[in-house]
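Below is one structure; the comments refer to it alone.
Quick note: residue numbers are just sequence positions, from 1.
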Amino acid sequence: MKYCNKEYYVINAIMDQDFRLSPAGIAGLFQDCFATYMAHHHCAAFDLRRQSRMWIISDFSFKVSDIQPFWGETVKVELWVSEQPAVKVYADFRIWHNGNIVASGDSTWAMLDIEKRTPVRANSILHDVEVCNELIYGTHKRKQPASGSFECRHKHITNRSDADFNHHVTNMTYLYVCLAALPGDYLQSHLVSELSIKFKQESFIGEELECSAFRTDETDLWNYEIVTAGERVSCVATIRYTEKPENIDNIDYDNLSIRGI
């Protein structure tokens, strides 16, 4: 299987305040599709757990290319392994709606020995993967832009709802914390157009995540740094925003396809 293709509905758990697919929804969908692809090769998280190993995601990026689908509409996630697996696995993806690409990006994954907390070569377990050499960004190596002035800070104390199946803080929590860091009026009038996030160290339930947001030299481009326990840099991110378009509410509410179910 060279490509993994999977259809999803935009449900309320992955929509934003305008009832459209959210940035966190994009991240959640491609990660679910990656899990499906790995399950096809008997390398899903539950397969690895029986071998005392686990998947971790070390970074992901995506760009938004259109207004996102509305609640109840369907999208197709297309995902592929874009380089021959070695220690890491690189997976690129696109999200389609009505024949158009609405988001695209890439991600980096690795396997860890659960007890030793040391890397395991992915190619020692993941066999017979068909590689498609198409890279969304042209490379998997990118630098974070230089930060400018400090703007604001946001704090979050992790709890049991932040835990993933590896029993530490899920990568989605870091994303949610970054997305909540800027002032509410700015977030209400802007949409994410591009996002890149890198995970550096794990955090644990009960710890406080402190997210600082910094302006860059580019308008509406922000850097983020999440520090755990006041000293460990757990995550860094860059998010580009764009002003919300006037046609965001251009929906024929009386003739939504969901009403025909």
Side-chain angles (χ1 to χ4, degrees), residues 1-11 13-15 20-49 53-70 72-111 120-142 164-165 170-172 175 192-199 257:
M1 182 172 66
K2 197 168 187 177
Y3 295 91
C4 182
N5 292 285
K6 191 171 181 180
E7 288 193 350
Y8 299 87
Y9 283 106
V10 179
I11 63 173
I14 58 172
M15 72 182 189
R20 295 183 179 277
L21 180 63
S22 68
I26 292 172
L29 291 185
F30 91 76
Q31 291 185 50
D32 184 79
C33 193
F34 179 81
T36 300
Y37 197 3
M38 292 302 106
H40 175 77
H41 289 281
H42 300 279
C43 288
F46 47 82
D47 294 312
L48 296 187
R49 181 178 291 179
R53 290 161 178 164
M54 67 180 184
W55 281 113
I56 61 168
I57 183 169
S58 59
D59 62 76
F60 65 81
S61 302
F62 63 79
K63 50 191 174 185
V64 175
S65 50
D66 204 347
I67 293 177
Q68 294 304 291
F70 196 77
E73 294 184 313
T74 58
V75 297
K76 184 184 78 171
V77 180
E78 177 186 44
L79 179 140
W80 61 94
V81 173
S82 53
E83 293 187 25
Q84 192 66 44
V87 175
K88 297 179 179 180
V89 177
Y90 298 100
D92 291 39
F93 67 92
R94 294 189 184 95
I95 299 181
W96 297 81
H97 173 62
N98 288 342
N100 297 315
I101 298 171
V102 295
S104 55
D106 62 12
S107 56
T108 307
W109 303 77
M111 294 182 188
V120 176
R121 291 188 66 88
N123 59 1
S124 68
I125 300 173
L126 187 58
H127 305 296
D128 303 323
V129 173
E130 295 185 69
V131 175
C132 174
N133 293 318
E134 181 182 0
L135 278 66
I136 291 297
Y137 286 94
T139 178
H140 290 125
K141 296 180 180 180
R142 290 182 296 279
D164 63 10
F165 46 74
T170 174
N171 71 87
M172 296 296 290
L175 177 58
V192 172
S193 62
E194 194 163 359
L195 181 150
S196 182
I197 187 165
K198 184 177 183 62
F199 309 104
S257 59

Margin query: Could you check whether any side-chain heavy atom of L21 comes within less than 4.5 Å of a side-chain heavy atom of L29, counting everything from C-beta outward?
Written below: yes
Check: Hey, is the main chain of C43 close enough, under 3.5 Å, to the side chain of W55 for a donor-acceptor pair?
Finding: yes
Item checked: Test side chain to side chain contact (heavy atoms under 4.5 Å, CB included) applied to I11 - qualifying residues, sequence neighbours left out -> Y9, A13, I14
Check: What's the spacing between N123 CG and K88 NZ if we round to 0.5 Å?
Finding: 14.0 Å
Next item on the list: Provide the closest heavy-atom pair for P85 versus V131 in the form atom of the first, atom of the second, distance.
Entry: CD-CG2, 4.2 Å
Next item on the list: Mind running side-chain contact (heavy atoms from CB on, under 4.5 Å) on M111 and I56 for me, showing each step along the way?
Entry: CA-CA 6 Å; M111 294 182 188; I56 61 168; over 6 Å; no
Next item on the list: Report the C-alpha separation of I26 and V64 in whole Å, then their side-chain angles, then the decisive distance to 0.1 Å, and conclude whether the side-chain contact (heavy atoms from CB on, under 4.5 Å) test is met.
Entry: CA-CA 9 Å; I26 292 172; V64 175; 4.0 Å; yes
Margin query: Nearest 0.5 Å, please: how far is NZ in K63 from CD1 in I136?
Written below: 6.5 Å
Checklist line | Close side-chain approach of D92 and W80, heavy atoms under 4.5 Å | finding: yes
Check: Side-chain contact, heavy-atom cut-off 4.5 Å: L135 with H140?
Finding: yes
Margin query: Less than 4.0 angstrom from a charged side-chain N to a carboxylate O is my criterion; do K141 and D59 meet it?
Written below: no
Next item on the list: Please tell me if the side chains of S22 and M15 come closer than 4.5 Å, counting only heavy atoms from C-beta onward.
Entry: no
Item checked: Approximate separation, where rounding is to 0.5 Å, of F60 CZ and N171 CG -> 5.5 Å
Item checked: Residues, nucleotides or ligands: over 12 heavy atoms within 6.0 Å of H40 NE2 -> yes
Item checked: Sidechain-backbone polar pair: E73 side chain, F70 backbone, donor-acceptor under 3.5 Å -> yes
Next item on the list: Taking all heavy atoms of Y3 and all of C132, pick out the closest pair and write down the distance.
Entry: OH-SG, 3.1 Å
Check: Where do I57 and S107 come nearest, in terms of heavy atoms and distance?
Finding: CD1-CB, 4.3 Å
Note to self: Ignoring hydrogens and geometry beyond distance, is a side-chain donor-acceptor pair present between R142 and S196 at under 3.5 Å?
What the structure shows: no
Next item on the list: Locate the shortest heavy-atom distance separating L175 from A24; write the atom from each residue and the value.
Entry: CD2-CA, 3.9 Å
Margin query: If we ignore hydrogens and angles and just use 3.5 Å, is the side chain of H97 paired with the main-chain N or O of V102 as donor and acceptor?
Written below: no
Check: With no hydrogens and no angle check, is any side-chain donor or acceptor of T108 less than 3.5 Å from a backbone partner on Y90?
Finding: no
Notebook entry, point to check: Closest approach of A91 and F34, non-hydrogen atoms and distance?
Noted result: CB-CD1, 3.9 Å
Next item on the list: Would you check if the side chain of E78 reaches a backbone N or O of K76 as a donor-acceptor pair within less than 3.5 Å?
Entry: no
Checklist line | Smallest separation among heavy atoms of V129 and L126, with atom names | finding: CG2-CG, 3.4 Å
Margin query: I need the W96 CH2 to D66 CG distance, nearest 0.5 Å.
Written below: 12.0 Å
Check: In Å and rounded to the nearest 0.5 Å, what is the OH to NZ distance from Y37 to K2?
Finding: 9.5 Å
Note to self: Determine whether S61 and Y137 satisfy the following criterion, side-chain contact (heavy atoms from CB on, under 4.5 Å), listing intermediate values before the conclusion.
What the structure shows: CA-CA 9 Å; S61 302; Y137 286 94; 3.9 Å; yes
Margin query: Using 0.5 Å steps for rounding, measure from the OG atom of S58 to the NZ atom of K198.
Written below: 5.5 Å
Check: Who passes side chain to side chain contact (heavy atoms under 4.5 Å, CB included) against S65, sequence neighbours left out?
Finding: I101
Margin query: Once salt bridge (Lys or Arg N to Asp or Glu O under 4.0 Å) is applied, what residue pairs with a partner in residues 121-136 remain, sequence neighbours excluded?
Written below: R94-E134
Next item on the list: Say whether, by atom type as modelled, one donor and one acceptor occur between the side chain of T36 and the main chain of D32 under 3.5 angstrom.
Entry: yes
Note to self: Quick one, N133 with E83, criterion side-chain contact (heavy atoms from CB on, under 4.5 Å). Give me CA distance, side-chain angles, the key distance, then yes/no.
What the structure shows: CA-CA 6 Å; N133 293 318; E83 293 187 25; 5.9 Å; no
Check: Heavy atoms, side chains only, cut-off 4.5 Å: are I125 and H41 in contact?
Finding: no
Checklist line | Mutual orientation of the aromatic rings belonging to W109 and F30 [parallel < 30°, tilted 30-60°, perpendicular > 60°] | finding: perpendicular
Item checked: Minimum side-chain heavy-atom gap V81-V89 below 4.5 Å -> yes
